[in-house]
Asks: 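Have a look at this one before I ask anything.
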Amino acid sequence: MTVLLDKARQRQTRITGIILLALGALIAVFLAPDASGVATFRLSRPTDVWPVPNLVVPGGAFIYVASAFLAFFGVRLFLRGGAKWSARLLGIGLIIAVAAFLVWATAGKSFSFTGMLQASLVRAVPIALGGLAGVLSERVAVVNIGIEGMLLAGAFTGALVGSLAGGVAGLAAAVAVGGVFGFVLAALVVTYRMDQIIAGVFINLFVLGLTSYISSQVFQEYRALNNAPVFRAVEIPILSDLPVLGPVLFSQNIFVYGAFILAGLATYYLFHTRHGLRARAVGEHPRAADTLGIDVYRTRYVNVTVAGMVAGFGGAWFTLGSVGRFDEGMTGGRGFIGLAAMIFGRWHPVGALLAALVFGFADSLQQKLALLGTPIPSEFLAMAPYIATIVVVAGVVGRARAPAADGKPYVKE
Amino acid sequence: MQVELRNITKRFGPVVANKDVNLTIEPGEVLGLLGENGAGKSTLMNVLCGLYEPTEGEILIDGRPVAFKGPGDAIRAGIGMVHQHFMLVPVFTVAENVILGIEPVGRFDHLDLKAARAEVKKLSTEYGLTVDPDATIETLPVGVQQRVEIIKVLFREADVLILDEPTAVLTPQEVDEFIQIVRSLCDAGKAIVFITHKLNEILEISDRIAVIRRGEIVGSGDPKKLTRPELAEMMVGHPVDFDVARAPFAPKEVILDIQGLTLVRDDGAVAVDDLSLQVHSGEVVGIAGVQGNGQSALIEALAGLRRPVAGKVTFDGTDITDASARERHRMGIAHIPEDRQRAGLIGNFTVAENMVLDSYYGPPFAKGAGINWGRVEEEAAAVAEQYDVRTPSVHAAAAHLSGGNQQKLVVARELSRDTRLVIAGQPTRGLDVGSIAFIHERLMAARDEGDGVLIVSSELDEIMALSDRILVMFKGRIVAEYAPHEAPVDKGTIGLAMAGAAT
Ligand SMILES: Nc1ncnc2c1ncn2[C@@H]1O[C@H](COP(=O)(O)OP(=O)(O)OP(=O)(O)O)[C@@H](O)[C@H]1O
Ligand SMILES: [Mg+2]
């Protein structure tokens, strides 16, 4: 009996083994011969307080070693199996493959590794905040497709109010407008029981249309309305002088810090407080919550509105945290990637943040690679990291479970 | 604390669920509430626990009228209810479920789970409700989940506990434990309203019985002076025949042949282990067993809902091991699932739609690519009438039927067509005595017409009343077999086998 079960699992680990083996072979055949010279990864700037030497990797040798590791993992999985190891080895294997790819692209050149990590974090911010907004609303069973629109609304408001009244006012206004759209979504789906997907799409289209119209009609004329101050990096004393970690973690603007702090706060709220417990109960079994005297509708309103505020904050990053001006549709689908981060992060704030970091890394990686001038068309480069991410997440994270009542309206008796 | 319901009427649109009901509940007393399916018991209790607002009438506590805006108000007033369908969050722990809504907190709204655990432990020792505060609900058997529901109500310091069909899902042993619990609650001065369809239970534990029929209280009485047939008659309005009429046992050819069937549960554990059994045409085979010994998986596999890992299933000479549910259905296999809400009905569909869920695609209901709704409704109305499914109309949503009527709807759909083999899981769960007698009659009629019938039930009485052959299932295997028509067996013997004594 147990033999039969093991067979199914064994087949799975075998397939994983073959994938790793194939990956190793591909790297050895296609990347290694091309990677002549050493790859230089710069870790610190000349101006740093505590400089660290550059990381110098001999291209060909590194890639051969990497492919040997992959082959070893693959063979081990194929022969020995072990379901527990299959996910881990797949994860480690993919990280090695990405490293090999990076070395290949850098061979004979040099580039700032620290700079790439720093960029990863920055690029992760809107995704993380979008994902966090998703977590907050889906935990109370409201599917929030409208995050993209809320980010865009935050970006627009940040630029407009920021130009008129300064960055702090712009930020506050962006958060407020995000909250308003959160409230509107809650009203549509909770009170009027509109289909949640349609309500979200409605918000996206509405915000896209309105902001595009205003930016093309009004901002073109009055450029002063679209010229907001940008929040500069805030250096945290001492910590920001640390090599590598300093620039990556402790020399960022308030949006990066905000994403981390909000993820922490949301975790505390959802899993350690009374109101968090109630919110999760509403997302899992609203009728049970109702029979215990918990106001299901109110809980959904509050959480979805707060989710909107988080998304509004995330939206302000595009303008106040980055370029200072608004462009049509400048969020470019980050809200949807945020939703993906939410799912990959298993509806957990910290999970969503980590997933967003992976996406951010993928994003900045493809940009660096484009700069390094590899022979691969940039469209493929832009695609590859996401494919790798999906494989990692599908293989390593496994199947996640959404809140049981997710997407379902609650009808009081 | 004394509670009085005065002239309560509750309407859902045109449906009158309760009509001018008067009822008092005294402390330290068990009030048994009895009534056929759809009589309005759950509705009345939902009014009392604040979930529904009464259309007319009022609730008085210690003589003072109160108005509940929601369940929160009723809880604060000391009224708690354990619902017919449990109200637990499956992914939460026991402690989290218990405290939900009135959580002990420290600074910054921080949940005090330590205090919660201690409280759960205290209540569970005080009333003999054994349960691990840190277990996740979905991993617990229903009997334990029910204890959690009771602890939940006690934690809210309720003086009145409403228990809506608490024993419907329990095994015989769990029922005994449950009755002990009710006694200790009663001794602690709580008032208890106990709803059940099982007459011997209600006679055993209640101090007073009230009978409700079609929304009205039609009688009340002292359990010491009432007998089962009297109660049954009060409930349904006419005498009920408890004995199932049956033709002499005359089995014919083997219709279902299971050889070496092995099944695994979703979590990978073995549910059914190398099981073989046969059902003959014209025979009722009853599978007795404590829930969770593989019966559910067996039924799912026979209905085509679970793929066997090993073994062979033959129906009337054809190998159906890998046949789909629809193929099986077309061959004449009827399937009454154990869990009607999960596998038997679509709650948001109407009664008519549910009635043709299995046959909408063929004549006479299909009309080209469309469906002949006129025909569907006609047919559904006729079948509902024949099987006594109480519904305002065939256009009502199945979810709005009372629990028992949902069950009758499923049975009606499955048995109203030509069948050769009936596979029934808990066919009468939650049904009133009249409906049970009726469904037993239908199952017997199927047998007498030459169908094979396989019944899985945790109701030992039901198994014994119907079966020509009784099999006892324990840990995925058949551990005992009895043939009552050859040598009579008693409940005790089977009960011991169910507990694994035969292995
Ligand atoms: N939400 C609702 N909307 C419309 N009708 C309803 C609703 N809830 C209950 N009913 C109707 O009210 C009547 C009483 O239902 P109720 O659930 O109280 O019966 P019950 O006595 O608990 O039956 P059972 O023993 O089968 O559980 C039924 O006819 C049912 O169809
Ligand atoms: Mg009921």
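Labels below follow one simple rule: chain letters A, B, ... track the order of the sequence lines, proteins then strands, and each chain is numbered from 1.
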Asks: So which heavy atom on B:P71 is nearest to which on A:G293, and how close?
Replies: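 Looks like CB-N, 4.2 Å.
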
Asks: Indicate yes or no: does B:E138 engage A:R401 in a salt bridge with an N to O separation below 4.0 Å.
Replies: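 Looking at A:R401 together with B:E138, the answer is yes, because their closest N to O distance falls below 4.0 Å.
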
Asks: Just wondering, do B:M87 and A:L292 contact through their side chains at under 4.5 Å, heavy atoms?
Replies: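 Side-chain contact under 4.5 Å: no.
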
Asks: Any side-chain heavy-atom pair from B:F92 and A:H285 closer than 4.5 angstrom?
Replies: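 Side-chain contact under 4.5 Å: no.
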
Asks: Closest heavy-atom contact between A:A281 and B:V89?
Replies: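 So the two residues come closest at CB-CG2, 4.1 Å.
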
Asks: When only pairs under 4.5 Å are counted, which of B:N46, B:I75, B:V91 shares the most heavy-atom pairs with chain A?
Replies: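 Looking at each of B:N46, B:I75, B:V91 in turn, B:V91 comes out on top.
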
Asks: For residues B:H110 and A:R274, determine if any side-chain heavy atom of one lies less than 4.5 Å from a side-chain heavy atom of the other.
Replies: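 SC-SC contact between B:H110 and A:R274 ruled out.
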
Asks: Is the closest side-chain heavy-atom distance between B:L111 and A:H272 below 4.5 Å?
Replies: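 Side-chain contact under 4.5 Å: no.
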
Asks: Among residues 183-200 of chain A, which residues come closer than 4.5 Å to chain B, judged by heavy atom distances?
Replies: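 Within residues 183-200 of chain A, no residue comes under 4.5 Å from chain B.
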
Asks: For B:H85, is it the side chain, the backbone, both, or neither that has a heavy atom closer than 4.5 Å to a heavy atom of chain A?
Replies: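 For B:H85, there is no contact with chain A at all, as no heavy atom is under 4.5 Å.
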
Asks: Examine whether an atom of A:L277 lies under 4.5 Å from a heavy atom of chain B, and if so say whether it belongs to the side chain, the backbone or both; otherwise answer neither.
Replies: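 Answer is both: backbone and side chain atoms of A:L277 are under 4.5 Å from chain B.
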
Asks: Could you tell me which portion of B:R76 (side chain, backbone, both or neither) has an atom closer than 4.5 angstrom to a non-hydrogen atom of chain A?
Replies: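 No part of B:R76 comes within 4.5 Å of chain A.
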
Asks: With a sphere of 6.0 Å drawn around CG of B:N348, does it hold more than 12 non-hydrogen atoms of other residues, nucleotides or ligands?
Replies: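 No, the 6.0 Å shell around CG holds no more than 12 heavy atoms from other groups.
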
Asks: By a 4.5 Å heavy-atom criterion (distance strictly below it), what part of B:L100 contacts chain A: side chain, backbone, both, or neither?
Replies: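 Its backbone and side chain both get close to chain A.
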
Asks: Of the backbone (N, CA, C, O) and the side chain (C-beta and beyond), which part of B:L88 lies under 4.5 Å from a heavy atom of chain A, both, or neither?
Replies: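 For B:L88, the backbone is the part near chain A, not the side chain.
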
Asks: Do B:M81 and A:T291 come within less than 4.5 Å of each other through their side chains, counting heavy atoms only?
Replies: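 No, their side chains stay 4.5 Å or more apart.
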
Asks: Heavy atom to heavy atom, less than 4.5 Å: which residues from residues 258-271 of chain A reach chain B?
Replies: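 Residues A:Y268 are the ones that qualify, each having a heavy atom under 4.5 Å from chain B.
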
Asks: Go through the atoms of B:K69 and report whether side chain, backbone, both or neither lie under 4.5 Å from a heavy atom of chain A.
Replies: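 Interface part for B:K69: neither.
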
Asks: How far does CZ of A:R278 sit from CD1 of B:I99, to the nearest 0.5 angstrom?
Replies: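 Those atoms lie 9.5 Å apart.
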
Asks: Given a strict heavy-atom distance threshold of 4.5 Å, which part of B:F108 is in contact with chain A: side chain, backbone, both, or neither?
Replies: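 Both backbone and side chain.
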
Asks: Between A:R287 and B:H83, does the side chain to side chain contact (heavy atoms under 4.5 Å, CB included) criterion hold? Intermediate values first, please.
Replies: CA-CA 11 Å; A:R287 172 132 300 141; B:H83 292 266; over 6 Å; no

